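We name chains A, B, ... by the order of the sequence lines, and we start the count at 1 in each one. All figures in this text were calculated on a predicted structure; none of them were measured in a lab.
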Amino acid sequence: MILRPLRVRFAPSPTGMFHVGSARSALFNWCLAKQTGGTFILRIEDTDESRNQPEWTQGIIDAMAWLGMDDSDPCFEGPYFQSAFAEQHVAAAARLAAAGHAYYCDCTRDDVIARTGEGNLGYDRHCRDRGLTAEAGRALRFRVPPGLTVVEDRVRGTVEFDNDLTEDFVLLRGNGSPMFLLANVVDDLQMGVTLVVRAEEHLPNTPKQQMIWDALGEEHPAWAHVPVLVNEQRKKLSKRRDKVALEMYKDEGFLPEAMRNYLMTLGWNPGDDVEIVPWEQIVADFRLEDVNHSPAFFDVKKLESFNGHYIRALSVDDFVRVCEPWTKDITNFDRSRFALIAPHVQLRLVRLSEVAAAVDFLFQHDPVVDPDSWTKAMGAENALPILLAALASYEDAGWDADTLKAGLERIGEAMGLKLGKTQAPIRVAVTGRSVGLPLFESLEVLGREESLRRLRAAAARLGVA
RNA sequence: GCCCCCAUCGUCUAGUGGCCUAGGACACCACCCUUUCAAGGUGGCGGCACGGGUUCGAAUCCCGUUGGGGGUGCCA
């Protein structure tokens, strides 16, 4: 399908950590820009009074880069900062006022309530025809025309709004600063945005913005409102209640490839009964028209499953490399030793942050012994005999996993035990736990000397000198 | 309150009037494999919110009900 290059934008406000829902909106926009050979504009909407801080902006940029959206791609444009365009916003407001599409208003919130009651009815158009001029303290309001505003939405279809139920909203505050509805439109106009893809919470804003475009005499962009992400209570994911910061997921060892793939399957599916799909294919196949209409639950369990798939798909070298942030703090960590066991580790993680707990016993002088595991494994009748037999056998055995396994199997046979039972005391002696990486491979990597030392220590603890 | 959106297994989804006895994935359960745990394999549990239409035929179209969600700032 040949499409004309789209100019899309992602316009977050830097009011906190970067939200997974924002990330998904950004991803949707990114796919559309890429697949049409268009442009992805990043515009930071920093016009809120005091809610934004510079570090949040950098957080957005870093998080987007983590997901693969940054200026190394030619489609990327920006970042722009909305605050830099205040002049244009005000100028547009002036044009609107001059053309009679807006009027000044000196009502306070209390004035309006006094007239309309507490009923939350919105502005009562009190100043509409009072002919007030611009003056400090007076807000500029949009004169909503009569009739119907029809929004053609690329994911929802046609949505109609009765203008009589739309209040004369504020364009410019009493202090002269532009409001979101206006600033957003003017920026989109200036930047040549042809398609606006954003979360559903913006759908009620759309008729208002479309009216501004019309009043400005410009052709509005196409609209697309994607469903919001919700928590288990089916409420919109919120920074206060929910764990939404992309950075937290990064820190817990989620791979960006897994995160972006998972995020894309929320409200959209790659088709053909598959979910784990190469990014290039997602970019090529994503279609707004196929996006679902209902909110999607952000399910960390499923994210973990995706992450596990992506972790297992890594080459061993890459796996070792991506584990670095979590392995570098392990005492006595040795990268080459880790690389030897890495293939086994890779199969068992759903989050990279779990790597330390899985392999630390290989580097510690003495493994941290889990009391329950010890009690269970060493309390068995055969624990000590197994330990002693293994010690004897391993003294001069060939030091590779197969030989070590065969040796322990022989010991078990002599006692009438299956390997599953025989390995338990050895595992606890060497690793400190009853579950973990494959035992014989671990012994091989640990080495004869250290392994025997641990076996002797365990035997000693059981009462044998 | 008012406006708007939405409604398939617990969750994410496939499904665009007959191919549906509703498919897949996650989670859960069982079994297999097995050196613990995983991974992998096999099987199981489990859904079209409800009521009316339209039609030879409805998960699919229409209306209503119910239930969820979003919005309703001189925030963005």
Can you tell me if [X] touches the phosphate of [N], counting only side-chain N or O atoms and a distance under 4.0 Å to OP1 or OP2?
X        : N     : value
A:Arg173 : B:A76 : yes
A:Thr47  : B:A76 : yes
A:Asn292 : B:A14 : yes

From C-beta outward on [X], which listed nucleotide comes closest to its side chain: [options]?
X        : options             : value
A:Leu203 : B:A7, B:C4, B:A76   : B:C4
A:Glu275 : B:G71, B:C12, B:U11 : B:C12
A:Ala139 : B:C74, B:C6, B:U11  : B:C74
A:His202 : B:A76, B:C26, B:A14 : B:A76

Check for me: is A:His225 stacked on B:G70 by the 5.5 Å centroid and 30° plane-angle rule?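 No, aromatic ring not over the base.
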
Testing A:Ile426, A:Ile386, A:Leu452 for side chain to side chain contact (heavy atoms under 4.5 Å, CB included) with A:Leu391, which one passes?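 Only match with A:Leu391 under side chain to side chain contact (heavy atoms under 4.5 Å, CB included): A:Leu452.
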
Please identify which of these residues, A:Asn29, A:Asn292, A:Val197, meets the side chain to side chain contact (heavy atoms under 4.5 Å, CB included) condition with A:Val226.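 The side chain to side chain contact (heavy atoms under 4.5 Å, CB included) with A:Val226 is passed solely by A:Val197 among A:Asn29, A:Asn292, A:Val197.
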
Going by number, which of residues 84-94 of chain A have a non-hydrogen atom under 4.0 Å from RNA chain B?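 None - not one residue of the stretch has a heavy atom sitting under 4.0 Å from the strand.
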
What I want to check is whether the side chains of [X] and [Y] have a donor and an acceptor closer together than 3.5 Å.
X        : Y        : answer
A:Asn175 : A:Ser177 : yes
A:Trp223 : A:Gln210 : yes
A:Tyr80  : A:Asp187 : no

Between [M] and [N], how far apart are the [atom1] atoms? Round to whole Å, please.
N     : M     : atom1 : result
B:G69 : B:G51 : P     : 24 Å
B:A38 : B:A49 : P     : 36 Å
B:C9  : B:U42 : P     : 25 Å
B:G47 : B:A59 : C1'   : 10 Å
B:U16 : B:G52 : P     : 26 Å
B:G24 : B:G43 : C1'   : 16 Å
B:U60 : B:U55 : C1'   : 13 Å
B:C56 : B:G44 : C1'   : 37 Å

Rounded to whole angstrom units, what separation is found between the [atom1] atom of [X] and the [atom2] atom of [N]?
X        : N     : atom1 : atom2 : result
A:Lys208 : B:G70 : NZ    : P     : 17 Å
A:Leu182 : B:A76 : CG    : P     : 11 Å
A:Trp56  : B:A76 : CH2   : C1'   : 16 Å

Salt bridge or not for A:Arg348 and A:Glu354, using N-O below 4.0 Å?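 No salt bridge links A:Arg348 with A:Glu354.
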
Look at A:Arg43 together with A:Asp188 and state whether they make a salt bridge at an N to O cut-off of under 4.0 Å.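 Judged by the 4.0 Å cut-off on N to carboxylate O distance, A:Arg43 and A:Asp188 do form a salt bridge.
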
Please report the closest heavy-atom contact between A:Trp268 and A:Phe286, naming both atoms and the distance.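 Answer, listing the atom of A:Trp268 first, then A:Phe286: CZ2-CA, 3.4 Å.
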
Going by the rule side chain to side chain donor-acceptor pair (under 3.5 Å), which residues pair with A:Asp370 if we only count those two or more places apart in sequence or in a different chain?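 Once residues adjacent in sequence are excluded, the partners of A:Asp370 under the side chain to side chain donor-acceptor pair (under 3.5 Å) criterion are A:Ser373.
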
The criterion is side chain to side chain donor-acceptor pair (under 3.5 Å); which residues satisfy it with A:Glu135, sequence neighbours excluded?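 Expected list: none.
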
Tell me whether the guanidinium CZ or amine NZ of A:Arg141 lies under 6.0 angstrom from the six-membered ring centre of A:Tyr123 and within 45° of its axis.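 Yes, a cation-pi geometry.
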
What is the nucleic acid contact for [X], judged by heavy atoms within less than 4.0 Å: base, sugar-phosphate only, or nothing?
X        : value
A:Arg312 : sugar-phosphate
A:Glu160 : sugar-phosphate
A:Phe440 : base
A:Gly267 : sugar-phosphate
A:Phe161 : sugar-phosphate

For B:A30, give the paired nucleotide (Watson-Crick: N1-N3 plus N6-O4 or O6-N4; G-U: N1-O2 and O6-N3; both under 3.5 Å), or none.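 Matched B:A30 with B:U42 under the 3.5 Å cut-off.
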
Return the nucleotide paired to B:C2: Watson-Crick means purine N1 to pyrimidine N3 with N6-O4 or O6-N4, wobble means G-U with N1-O2 and O6-N3, both under 3.5 Å.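 Pair assignment: B:C2 / B:G71.
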
Residue closer to the 5' end of RNA chain B, A:Phe297 versus A:Ala11 (nearest nucleotide):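 First, find each residue's nearest nucleotide; the 5'-ward one identifies A:Phe297.
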
In terms of the nearest nucleotide of RNA chain B, which residue is placed more toward the 5' end: A:Glu45 or A:Ser305?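 Counting from the 5' end, the first nearest nucleotide belongs to A:Ser305.
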
Protein-nucleotides 28-31 of chain B N/O pairs closer than 3.5 Å?
none

Look at the rings of A:His101 and A:Phe142 and say which category their plane angle falls in: under 30° parallel, 30 to 60° tilted, over 60° perpendicular.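 Ring orientation, 0 to 90° scale: parallel.
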
Could you list, one pair per line, each protein nitrogen or oxygen that sits under 3.5 Å from a nitrogen or oxygen of nucleotides 36-38 of chain B, together with the distance?
| residue | atom | partner | partner atom | Å |
| --- | --- | --- | --- | --- |
| B:U36 | O4' | A:Gln423 | NE2 | 3.2 |
| B:U36 | O2' | A:Ser434 | O | 3.1 |
| B:U36 | N1 | A:Arg427 | NH2 | 3.3 |
| B:U36 | O2 | A:Gly436 | N | 2.6 |
| B:U36 | O2 | A:Gly436 | O | 3.0 |
| B:U36 | N3 | A:Arg427 | NH2 | 3.2 |
| B:U36 | N3 | A:Gly436 | O | 2.4 |
| B:U36 | O4 | A:Arg348 | NH2 | 3.4 |
| B:U36 | O4 | A:Pro438 | N | 3.1 |
| B:C37 | O2 | A:Arg348 | NE | 2.5 |
| B:C37 | N3 | A:Arg348 | NE | 3.1 |
| B:C37 | N3 | A:Arg348 | NH2 | 2.7 |
| B:C37 | N4 | A:Arg348 | NH2 | 3.2 |
| B:A38 | O2' | A:Leu347 | O | 2.8 |

Heavy atoms, side chains only, cut-off 4.5 Å: are A:Phe169 and A:Asn205 in contact?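 No, too far: nothing below the 4.5 Å cut-off.
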
Between A:Pro385 and A:Met415, is there a side-chain heavy-atom distance shorter than 4.5 Å?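 Touching, per the 4.5 Å side-chain cut-off.
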
Let me see the working for A:Asp106 and A:Arg130 under salt bridge (charged side-chain N to carboxylate O under 4.0 Å, His left out), right down to the final yes or no. CA-CA 10 Å; A:Asp106 62 1; A:Arg130 289 176 67 205; 3.0 Å; yes

N/O to N/O distances under 3.5 Å, protein versus nucleotides 64-69 of chain B:
| residue | atom | partner | partner atom | Å |
| --- | --- | --- | --- | --- |
| B:G69 | OP1 | A:Lys235 | NZ | 2.5 |

Pair A:Val277, A:Asp285 - check side chain to side chain contact (heavy atoms under 4.5 Å, CB included), show working. CA-CA 11 Å; A:Val277 181; A:Asp285 292 348; 5.8 Å; no

Verdict with reasoning, A:Arg143 to A:Asp129, per salt bridge (charged side-chain N to carboxylate O under 4.0 Å, His left out): CA-CA 10 Å; A:Arg143 186 190 302 275; A:Asp129 301 306; 3.4 Å; yes

Donor-acceptor pair under 3.5 Å: do we get one between A:Lys302's side chain and the base of B:A25?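 Counting by modelled atom types and ignoring angles, a donor-acceptor contact under 3.5 Å is found here.
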
